Amino acid sequence: MVDRLANSEANTRRISIVENCFGAAGQPLTIPGRVLIGEGVLTKLCRKKPKARQFFLFNDILVYGNIVIQKKKYNKQHIIPLENVTIDSIQDEGDLRNGWLIKTPTKSFAVYAATATEKSEWMNHINKCVSDLLSKSGKTPSNEHAAVWVPDSEASVCMRCQKAKFTPVNRRHHCRKCGFVVCGPCSEKRFLLPSQSSKPVRICDFCYDLLSAGEMTACQSSRSDSYSQSPKSSLNDVSDDDDDEDSSD
(Lines give C-alpha, C1' and ligand atoms only; values in the text may rest on other atoms or scores of the structure.)
Protein backbone atom coordinates (compact mmCIF):
# COMPACT_ATOMS: atom_id res chain seq x y z
CA MET A 1 0.00 0.00 0.00
CA VAL A 2 2.85 2.38 0.86
CA ASP A 3 4.43 1.81 -2.55
CA ARG A 4 1.10 2.46 -4.22
CA LEU A 5 0.71 5.77 -2.40
CA ALA A 6 4.30 6.92 -2.87
CA ASN A 7 3.74 8.83 -6.10
CA SER A 8 0.05 9.56 -5.72
CA GLU A 9 -1.28 13.07 -6.01
CA ALA A 10 -3.15 12.75 -2.71
CA ASN A 11 0.04 11.83 -0.83
CA THR A 12 1.98 14.69 -2.43
CA ARG A 13 -0.77 17.11 -1.44
CA ARG A 14 -0.83 15.86 2.17
CA ILE A 15 2.94 16.23 2.55
CA SER A 16 2.79 19.71 1.02
CA ILE A 17 0.20 20.71 3.63
CA VAL A 18 2.51 19.51 6.42
CA GLU A 19 5.41 21.49 4.92
CA ASN A 20 3.28 24.63 4.76
CA CYS A 21 2.22 24.21 8.40
CA PHE A 22 5.88 24.49 9.47
CA GLY A 23 6.46 27.53 7.26
CA ALA A 24 9.83 28.74 6.02
CA ALA A 25 11.60 27.60 9.20
CA GLY A 26 10.88 23.94 8.51
CA GLN A 27 12.88 21.68 6.23
CA PRO A 28 11.31 20.47 2.95
CA LEU A 29 9.65 17.09 3.41
CA THR A 30 8.68 16.11 -0.13
CA ILE A 31 11.05 13.57 -1.67
CA PRO A 32 10.39 10.69 -4.12
CA GLY A 33 9.03 7.61 -2.37
CA ARG A 34 8.12 9.33 0.91
CA VAL A 35 4.63 8.61 2.21
CA LEU A 36 2.73 10.26 5.07
CA ILE A 37 1.43 7.34 7.15
CA GLY A 38 -0.40 9.25 9.88
CA GLU A 39 -0.37 12.14 12.32
CA GLY A 40 -1.62 13.10 15.74
CA VAL A 41 -0.99 14.92 18.99
CA LEU A 42 1.10 13.14 21.63
CA THR A 43 2.17 14.34 25.06
CA LYS A 44 5.96 14.48 25.23
CA LEU A 45 7.63 14.27 28.62
CA CYS A 46 9.73 17.39 28.78
CA ARG A 47 12.19 18.59 31.35
CA LYS A 48 10.03 21.29 32.91
CA LYS A 49 6.55 19.95 32.20
CA PRO A 50 4.70 17.65 29.79
CA LYS A 51 3.95 19.32 26.48
CA ALA A 52 1.59 18.54 23.62
CA ARG A 53 3.47 18.04 20.36
CA GLN A 54 2.19 17.38 16.86
CA PHE A 55 3.76 14.21 15.39
CA PHE A 56 3.83 13.12 11.75
CA LEU A 57 4.81 9.57 10.84
CA PHE A 58 6.24 9.04 7.37
CA ASN A 59 7.50 5.74 5.97
CA ASP A 60 11.13 6.85 6.54
CA ILE A 61 11.10 9.64 9.15
CA LEU A 62 9.24 10.80 12.26
CA VAL A 63 8.62 14.56 12.42
CA TYR A 64 7.33 16.57 15.37
CA GLY A 65 6.95 20.19 16.34
CA ASN A 66 5.39 22.68 18.72
CA ILE A 67 1.74 23.48 18.15
CA VAL A 68 1.29 27.21 17.47
CA ILE A 69 -2.15 27.10 15.86
CA GLN A 70 -3.97 23.75 15.94
CA LYS A 71 -3.83 22.01 12.53
CA LYS A 72 -2.57 25.23 10.92
CA LYS A 73 0.87 26.17 12.22
CA TYR A 74 3.79 24.41 13.95
CA ASN A 75 7.36 25.43 14.72
CA LYS A 76 10.64 23.97 16.06
CA GLN A 77 10.54 21.11 13.58
CA HIS A 78 12.42 17.93 14.56
CA ILE A 79 13.14 15.18 12.02
CA ILE A 80 14.10 11.67 13.19
CA PRO A 81 15.28 9.05 10.66
CA LEU A 82 13.29 5.90 11.40
CA GLU A 83 16.20 3.59 10.57
CA ASN A 84 17.78 4.70 13.86
CA VAL A 85 14.64 4.35 15.99
CA THR A 86 13.76 1.69 18.52
CA ILE A 87 10.68 1.88 20.73
CA ASP A 88 9.82 0.35 24.11
CA SER A 89 6.48 0.32 25.88
CA ILE A 90 6.18 2.02 29.29
CA GLN A 91 3.94 0.58 31.98
CA ASP A 92 1.01 2.73 33.09
CA GLU A 93 1.59 4.49 36.40
CA GLY A 94 -0.84 7.00 37.87
CA ASP A 95 -1.47 9.84 35.44
CA LEU A 96 1.29 8.56 33.15
CA ARG A 97 -0.58 6.18 30.86
CA ASN A 98 -0.41 4.85 27.30
CA GLY A 99 3.26 5.70 26.90
CA TRP A 100 6.33 4.43 25.11
CA LEU A 101 9.95 5.40 24.60
CA ILE A 102 11.28 6.68 21.29
CA LYS A 103 15.02 5.93 21.36
CA THR A 104 17.68 7.12 18.90
CA PRO A 105 21.47 7.53 19.12
CA THR A 106 21.14 11.32 19.37
CA LYS A 107 18.03 11.80 21.52
CA SER A 108 15.57 9.61 23.40
CA PHE A 109 12.31 10.58 25.07
CA ALA A 110 8.94 9.35 26.31
CA VAL A 111 5.60 10.12 24.70
CA TYR A 112 2.03 9.38 25.79
CA ALA A 113 -1.11 8.85 23.73
CA ALA A 114 -4.66 9.70 24.79
CA THR A 115 -5.83 6.07 24.70
CA ALA A 116 -4.42 2.54 24.75
CA THR A 117 -5.73 1.98 21.22
CA GLU A 118 -3.96 5.06 19.95
CA LYS A 119 -0.72 3.91 21.63
CA SER A 120 -1.01 0.49 20.02
CA GLU A 121 -1.61 1.97 16.57
CA TRP A 122 1.34 4.35 16.84
CA MET A 123 3.71 1.62 18.03
CA ASN A 124 2.56 -0.87 15.39
CA HIS A 125 2.93 1.64 12.56
CA ILE A 126 6.36 2.82 13.75
CA ASN A 127 7.61 -0.75 14.10
CA LYS A 128 6.28 -1.65 10.64
CA CYS A 129 7.99 1.35 9.04
CA VAL A 130 11.30 0.61 10.77
CA SER A 131 11.10 -3.08 9.82
CA ASP A 132 10.40 -2.26 6.16
CA LEU A 133 13.27 0.23 6.01
CA LEU A 134 15.77 -2.18 7.55
CA SER A 135 14.57 -4.97 5.28
CA LYS A 136 15.12 -2.84 2.18
CA SER A 137 18.52 -1.52 3.27
CA GLY A 138 19.82 -4.77 4.74
CA LYS A 139 20.90 -2.89 7.85
CA THR A 140 20.54 -4.18 11.40
CA PRO A 141 18.48 -2.41 14.10
CA SER A 142 20.32 0.29 16.03
CA ASN A 143 21.66 -0.97 19.36
CA GLU A 144 22.87 2.42 20.54
CA HIS A 145 20.61 5.10 21.95
CA ALA A 146 20.90 8.25 23.99
CA ALA A 147 19.71 8.08 27.57
CA VAL A 148 16.22 9.34 28.31
CA TRP A 149 16.57 12.15 30.84
CA VAL A 150 15.06 11.54 34.26
CA PRO A 151 12.52 14.35 34.80
CA ASP A 152 13.57 17.09 37.22
CA SER A 153 10.65 16.39 39.53
CA GLU A 154 11.78 12.80 40.13
CA ALA A 155 14.94 13.96 41.93
CA SER A 156 14.92 16.26 44.95
CA VAL A 157 18.58 15.38 45.62
CA CYS A 158 21.50 14.48 43.35
CA MET A 159 21.07 10.94 42.01
CA ARG A 160 24.82 10.29 42.28
CA CYS A 161 26.05 11.68 45.61
CA GLN A 162 22.58 11.35 47.21
CA LYS A 163 23.42 14.39 49.34
CA ALA A 164 23.11 17.66 47.44
CA LYS A 165 19.58 19.06 47.63
CA PHE A 166 18.33 21.02 44.67
CA THR A 167 17.30 24.62 45.20
CA PRO A 168 16.91 27.70 42.96
CA VAL A 169 20.63 28.27 43.56
CA ASN A 170 21.82 24.65 43.46
CA ARG A 171 20.49 23.78 40.02
CA ARG A 172 19.73 20.43 38.48
CA HIS A 173 21.90 19.13 35.64
CA HIS A 174 21.57 16.06 33.44
CA CYS A 175 24.27 13.56 32.57
CA ARG A 176 24.17 13.04 28.80
CA LYS A 177 25.31 9.43 29.17
CA CYS A 178 23.02 8.00 31.87
CA GLY A 179 20.29 10.67 31.94
CA PHE A 180 20.45 11.04 35.74
CA VAL A 181 19.65 14.33 37.49
CA VAL A 182 22.89 15.42 39.17
CA CYS A 183 24.37 18.37 41.03
CA GLY A 184 27.08 20.65 39.64
CA PRO A 185 30.00 19.14 41.60
CA CYS A 186 29.00 15.64 40.43
CA SER A 187 28.91 16.70 36.76
CA GLU A 188 31.81 19.07 36.20
CA LYS A 189 33.48 16.88 33.57
CA ARG A 190 32.72 16.66 29.88
CA PHE A 191 33.22 13.84 27.40
CA LEU A 192 32.85 13.56 23.64
CA LEU A 193 29.79 11.48 22.71
CA PRO A 194 29.93 11.71 18.89
CA SER A 195 26.38 10.45 18.35
CA GLN A 196 25.02 13.32 20.45
CA SER A 197 27.30 16.27 19.74
CA SER A 198 30.47 17.36 17.95
CA LYS A 199 31.62 18.93 21.22
CA PRO A 200 32.25 17.32 24.64
CA VAL A 201 29.04 17.22 26.69
CA ARG A 202 28.27 17.25 30.41
CA ILE A 203 28.42 13.84 32.08
CA CYS A 204 28.46 12.74 35.71
CA ASP A 205 31.67 11.63 37.46
CA PHE A 206 30.50 8.00 37.54
CA CYS A 207 30.01 7.83 33.77
CA TYR A 208 33.22 9.78 33.16
CA ASP A 209 35.27 7.24 35.08
CA LEU A 210 33.72 4.34 33.17
CA LEU A 211 34.03 6.03 29.79
CA SER A 212 37.66 6.98 30.49
CA ALA A 213 38.36 3.35 31.35
CA GLY A 214 36.83 2.26 28.05
CA GLU A 215 33.73 0.70 29.58
CA MET A 216 31.43 2.46 27.15
CA THR A 217 28.21 0.58 27.87
CA ALA A 218 28.49 0.07 31.61
CA CYS A 219 27.17 3.48 32.54
CA GLN A 220 24.35 3.57 30.00
CA SER A 221 21.23 3.59 32.10
CA SER A 222 18.26 1.84 30.56
CA ARG A 223 15.40 4.31 30.70
CA SER A 224 12.96 1.42 30.66
CA ASP A 225 14.51 0.10 33.88
CA SER A 226 14.90 3.48 35.55
CA TYR A 227 11.33 4.28 34.63
CA SER A 228 10.05 1.34 36.64
CA GLN A 229 12.44 2.00 39.54
CA SER A 230 12.13 5.75 39.97
CA PRO A 231 9.29 7.37 41.91
CA LYS A 232 6.36 8.45 39.79
CA SER A 233 4.84 11.87 39.91
CA SER A 234 1.71 13.40 38.50
CA LEU A 235 1.70 14.11 34.79
CA ASN A 236 1.36 17.78 35.64
CA ASP A 237 4.59 17.72 37.63
CA VAL A 238 6.92 15.84 35.31
CA SER A 239 9.65 17.30 33.05
CA ASP A 240 12.53 17.16 30.06
CA ASP A 241 12.64 19.76 27.52
CA ASP A 242 11.87 19.52 23.90
CA ASP A 243 13.70 22.81 23.79
CA ASP A 244 16.71 21.46 25.70
CA GLU A 245 18.73 20.28 22.70
CA ASP A 246 21.14 23.18 23.15
CA SER A 247 20.92 23.37 26.91
CA SER A 248 24.11 22.93 28.91
CA ASP A 249 22.31 21.60 31.98
Side-chain angles (χ1 to χ4, degrees), residues 1-2 5 10-11 14-15 17-22 26 29 35-82 85-104 107-131 145-146 148-154 179 223-228 230-245:
M1 179 179 177
V2 169
L5 289 172
N11 178 64
R14 291 175 68 202
I15 296 179
I17 291 172
V18 175
E19 282 185 343
N20 292 335
C21 286
F22 278 102
L29 299 172
V35 175
L36 178 60
I37 305 296
E39 62 182 272
V41 177
L42 299 173
T43 297
K44 179 178 178 294
L45 268 194
C46 296
R47 183 181 174 193
K48 299 302 180 186
K49 61 181 179 179
K51 298 175 182 177
R53 296 289 183 246
Q54 181 74 26
F55 280 77
F56 300 92
L57 177 64
F58 296 83
N59 59 328
D60 62 333
I61 58 174
L62 182 65
V63 178
Y64 70 93
N66 296 8
I67 302 169
V68 180
I69 302 175
Q70 184 68 30
K71 296 293 183 182
K72 292 185 178 181
K73 185 173 176 55
Y74 312 109
N75 64 9
K76 296 190 177 179
Q77 181 191 68
H78 299 266
I79 299 177
I80 303 173
L82 285 178
V85 169
T86 56
I87 59 175
D88 286 330
S89 180
I90 301 171
Q91 289 187 342
D92 291 346
E93 185 78 25
D95 292 333
L96 301 176
R97 306 181 68 82
N98 310 315
W100 68 97
L101 300 178
I102 296 175
K103 303 188 293 184
T104 80
K107 182 177 178 64
S108 302
F109 53 90
V111 292
Y112 292 84
T115 67
T117 299
E118 187 179 341
K119 169 187 173 177
S120 177
E121 290 177 347
W122 270 102
M123 292 188 70
N124 288 338
H125 284 307
I126 292 173
N127 276 327
K128 178 67 165 57
C129 289
V130 173
S131 176
H145 64 270
V148 180
W149 286 13
V150 174
D152 285 2
S153 59
E154 291 187 15
R223 188 63 175 113
S224 304
D225 294 339
S226 62
Y227 226 91
S228 61
S230 59
K232 295 298 186 298
S233 49
S234 151
L235 185 59
N236 293 324
D237 295 330
V238 185
S239 55
D240 176 344
D241 225 78
D242 182 292
D243 313 320
D244 277 348
E245 280 81 357

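Just so we're clear, the structure is a prediction, and the values are computed from it rather than from any experiment. Heads up: numbering here begins at 1 and tracks the sequence.
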With a 4.5 Å heavy-atom cut-off, do [X] and [Y] have their side chains touching?
| X | Y | value |
| --- | --- | --- |
| Val63 | Phe22 | yes |
| Arg53 | Val111 | no |
| Lys51 | Asn66 | no |
| Ile90 | Leu96 | no |
| Asp88 | His145 | no |

If you look at every heavy atom in [X] and [Y], which pair is closest and at what distance?
| X | Y | answer |
| --- | --- | --- |
| Leu101 | Ala110 | CD2-CB, 3.7 Å |
| Leu45 | Pro151 | CD1-CG, 4.5 Å |
| Ser108 | Ala146 | OG-O, 2.6 Å |
| Trp122 | Glu39 | CZ2-C, 3.9 Å |

Could you measure the distance from the [atom1] atom of [X] to the [atom2] atom of [Y]? Nearest 0.5 Å is fine.
| X | Y | atom1 | atom2 | answer |
| --- | --- | --- | --- | --- |
| Glu121 | Leu57 | CD | CG | 12.0 Å |
| Ile37 | Phe56 | CD1 | CZ | 14.0 Å |
| Ser131 | Leu82 | OG | CG | 11.5 Å |
| Met123 | Trp100 | CE | CH2 | 7.5 Å |
| Cys21 | Asn75 | SG | CG | 12.0 Å |
| Tyr112 | Asn98 | OH | CG | 9.5 Å |

Q | Partners meeting side chain to side chain contact (heavy atoms under 4.5 Å, CB included) with Thr104 (sequence neighbours left out) | A |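 Partners of Thr104 by the side chain to side chain contact (heavy atoms under 4.5 Å, CB included) criterion, ordered by chain and then number, come out as Ile80, Val85, Thr106, Lys107.
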Q | Contact list for residues 55-64, test salt bridge (charged side-chain N to carboxylate O under 4.0 Å, His left out), sequence neighbours left out | A |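 Checked against salt bridge (charged side-chain N to carboxylate O under 4.0 Å, His left out) - neighbours excluded - the pairs reaching residues 55-64 are Arg34-Asp60.
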Q | side chain to side chain contact (heavy atoms under 4.5 Å, CB included) between Leu36 and Leu29, worked out | A | CA-CA 10 Å; Leu36 178 60; Leu29 299 172; over 6 Å; no
Q) Excluding sequence neighbours, so at least two apart, what forms ring-ring contact (aromatic ring centres under 6.0 Å, His included) with Phe55? A)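 In terms of ring-ring contact (aromatic ring centres under 6.0 Å, His included), with neighbours along the sequence ignored, Phe55 is linked to Tyr64.
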